[in-house]
Chemist: 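For reference, the structure I am asking about is given below.
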Amino acid sequence: MTMSHDQLLKKIRGARERIWLDPPEELPAVATREAQGNQRLSIWLYAESDTRMFTEVMYVLRCCAMEESSDLETMKKCIGRLLEFIGSVLDRYYYQKEAAALSLETAQGLAAASDRASFLRLLEEYMLYFGKLNYWIDQQIPWGRLGALADKVFSGGN
Amino acid sequence: MKQLRITLGDQVAFARLLYDKAPKTCRLVEEYSPLRGRLNHAKVCKNEVFFQAPFFMDEKENPVLPGPGDIGFWAVRQTICLWYGETFPLGPTNLFAQVTKNLDGLAKECAKSWQRQGEIMTFEVVEVADE
């Protein structure tokens with residue numbers, strides 16, 4: 001890893017600040033592929049649910065990592081592997097290349113963290129960024145219209 | 001007296017900050033004020049909107065179930081939630097403010113976000129003359 005801890009923190013924060021009020025530039029790439037029926041709704045729904053699930057898992061693991069009784073090296077491996085997995089999903093399923101790269105960089109940064117405090121600081125900065133990404137994906141889905149349509153389908157209508 | 005000024009669309013509402021019940025959460029909101037975020041609408045609860053905050057707050061303060069006009073901080077997602085009508089809540093959050101002025105107007109704007117998410121909501125801690 002060539003970036004220092006502070007440099008990586010700054011990079012993740014910068015990424016989060018860029019998408020705080022404006023969507024990630026690569027967000028439309030989620031719709032790159034078509035799913036069955038030549039539609040993209042299922043991809044957006046899975047992107048939202050996958051990223052939401054990841055944020056919640058990270059929250060639980062962060063809670064564990066905050067406890068002094070938890071072994072830091074184990075938490076590094078566990079959360080690092082999770083971020084590698086997240087990066088892989090972001091890249092291969094949803095074509096979010098920059099987000100994927102940042103996830104992998106963060107995984108490396110977590111592995112290199114010198115102590116629990118710096119580990120948590122890095123994880124939290126990443127969680128703030130990643131949580132925002134999930135909320136952007138969520139905002140692409142027209143829940144209101146879909147909900148009304150789905151109710152018709154569920155009730156046997158066309 | 002410090003209050004929360006909430007802006008959404010062309011509506012401005014005010015909320016009382018519950019410093020006595022959720023002091024640390026209120027102080028964080030004040031420290032990061034103005035807070036601005038793109039609004040998402042809740043998918044499992046009725047009459048709830050939310051936006052992400054740029055901070056963590058793990059300590060439980062005033063963990064009560066919300067009702068109309070309540071504003072809480074959800075630690076799991078570092079998110080500020082606002083309930084603008086009757087709801088069947090999922091669970092308690094750190095309830096740190098309550099809307100005291102123009103909930104009706106705010107509710108009308110919040111409801112729009114079910115059809116179209118993404119409007120910017122702003123929270124500002126401001127000094128308001130005591131009435």
Side-chain angles (χ1 to χ4, degrees), chain A residues 9 12-24 27 44-45 48-49 51-67 117 119-151, chain B residues 7-9 28-29 31-60 63 73-82 84-85 90-91 93-94 107-124:
Chain A
L9 272 175
I12 301 169
R13 178 173 285 215
R16 186 238 304 172
E17 286 172 351
R18 278 194 297 281
I19 67 170
W20 197 253
L21 292 180
D22 296 312
L27 190 62
W44 282 108
L45 290 175
E48 191 284 323
S49 62
T51 52
R52 178 163 37 89
M53 183 261 296
F54 289 146
T55 67
E56 291 169 359
V57 169
M58 276 192 278
Y59 172 76
V60 171
L61 291 176
R62 172 181 169 264
C63 288
C64 290
M66 286 166 72
E67 292 174 19
F119 174 84
L120 286 169
R121 188 69 200 91
L122 191 57
L123 177 62
E124 285 160 10
E125 199 65 66
Y126 176 81
M127 285 172 68
L128 288 175
Y129 159 78
F130 192 83
K132 190 65 205 161
L133 176 62
N134 163 254
Y135 280 159
W136 274 118
I137 295 172
D138 176 74
Q139 285 182 12
Q140 309 313 302
I141 300 167
W143 295 102
R145 280 178 284 157
L146 278 180
L149 179 62
D151 270 357
Chain B
T7 311
L8 178 63
L28 271 169
V29 169
E31 180 186 333
Y32 283 86
S33 171
L35 285 161
R36 299 179 78 207
R38 294 271 183 194
L39 213 58
N40 289 55
H41 198 289
K43 311 302 175 298
V44 181
C45 280
K46 272 187 171 182
N47 300 324
E48 179 194 346
V49 291
F50 56 86
F51 66 95
Q52 189 172 330
F55 56 78
F56 284 75
M57 168 58 184
D58 297 305
E59 195 175 322
K60 282 191 171 49
F73 180 80
W74 185 36
V76 175
R77 288 296 306 268
Q78 306 85 54
T79 290
I80 291 173
C81 308
L82 187 153
Y84 61 89
L90 291 174
T93 62
N94 281 16
K108 284 193 181 112
E109 283 301 308
C110 288
K112 290 178 187 174
S113 66
W114 177 240
Q115 296 298 334
R116 185 182 167 142
Q117 299 183 109
E119 287 301 309
I120 294 177
M121 179 174 265
T122 304
F123 276 20
E124 289 173 276

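Throughout, a chain's letter reflects where its sequence line sits, starting with A, and its residues are numbered from 1. Everything numeric in this text was worked out from a predicted model, so none of it was measured. Side-chain atoms are counted along with the backbone in the values below, which use heavy atoms only and exclude waters and symmetry mates.
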Chemist: Are the side chains of A:Glu17 and B:Pro54 in contact, using a 4.5 Å heavy-atom criterion?
Modeler: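 No, their side chains stay 4.5 Å or more apart.
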Chemist: Is any side-chain heavy atom of B:Gln52 closer than 4.5 Å to one of B:Leu35?
Modeler: no
Chemist: Is B:Arg36 close to chain A through its backbone or its side chain, or both, or neither, when contacts mean heavy atoms under 4.5 Å?
Modeler: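 Both backbone and side chain.
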Chemist: Is the centre of the B:Phe123 ring less than 6.0 Å from the centre of the B:Tyr32 ring?
Modeler: no
Chemist: Between chain B and each of A:Gly147, A:Pro142, A:Gly144, A:Cys63, count heavy-atom pairs under 4.5 Å; write down the option with the most.
Modeler: A:Gly144
Chemist: So do the side chains of A:Trp136 and B:Arg38 get within less than 4.5 Å of each other, counting heavy atoms only?
Modeler: yes
Chemist: What is the ring orientation for A:Phe130 with A:Tyr126, classed by angle as parallel under 30°, tilted 30 to 60°, or perpendicular over 60°?
Modeler: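 A:Phe130 and A:Tyr126: parallel rings.
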Chemist: Identify which part of A:Arg16 has an atom lying under 4.5 Å from any heavy atom of chain B, answering side chain, backbone, both or neither.
Modeler: side chain
Chemist: Can you establish whether the number of heavy atoms outside B:Lys108 located under 6.0 Å from its atom NZ is more than 12?
Modeler: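 No, NZ of B:Lys108 has 12 or fewer neighbouring heavy atoms, counting only those of other groups under 6.0 Å.
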Chemist: At a 4.5 Å cut-off on heavy atoms, which part of B:Ala53 comes close to chain A: side chain, backbone, both, or neither?
Modeler: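 Contact with chain A is through the backbone of B:Ala53 alone.
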Chemist: Picking from A:Arg52, A:Lys132, A:Arg145, which has the most non-hydrogen pairs under 4.5 angstrom with chain B?
Modeler: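 Looking at each of A:Arg52, A:Lys132, A:Arg145 in turn, A:Lys132 comes out on top.
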Chemist: Go through B:Lys43, B:Gln78, B:His41, B:Arg116 and name the one with the most non-hydrogen pairs under 4.5 angstrom from chain A.
Modeler: B:Lys43
Chemist: What residue in A:Val60, A:Ile141, A:Asn134, A:Asp138 has the most heavy-atom pairs under 4.5 Å with chain B?
Modeler: A:Asp138
Chemist: Taking every non-hydrogen pair under 4.5 Å, which of A:Glu124, A:Met58, A:Glu56 racks up the most with chain B?
Modeler: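 Between A:Glu124, A:Met58, A:Glu56, the count favours A:Glu124.
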Chemist: Counting only non-hydrogen atoms closer than 4.5 Å, does B:Phe55 touch chain A with its backbone (N, CA, C, O), its side chain (CB onward), both, or neither?
Modeler: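 Looking at B:Phe55, just its backbone touches chain A.
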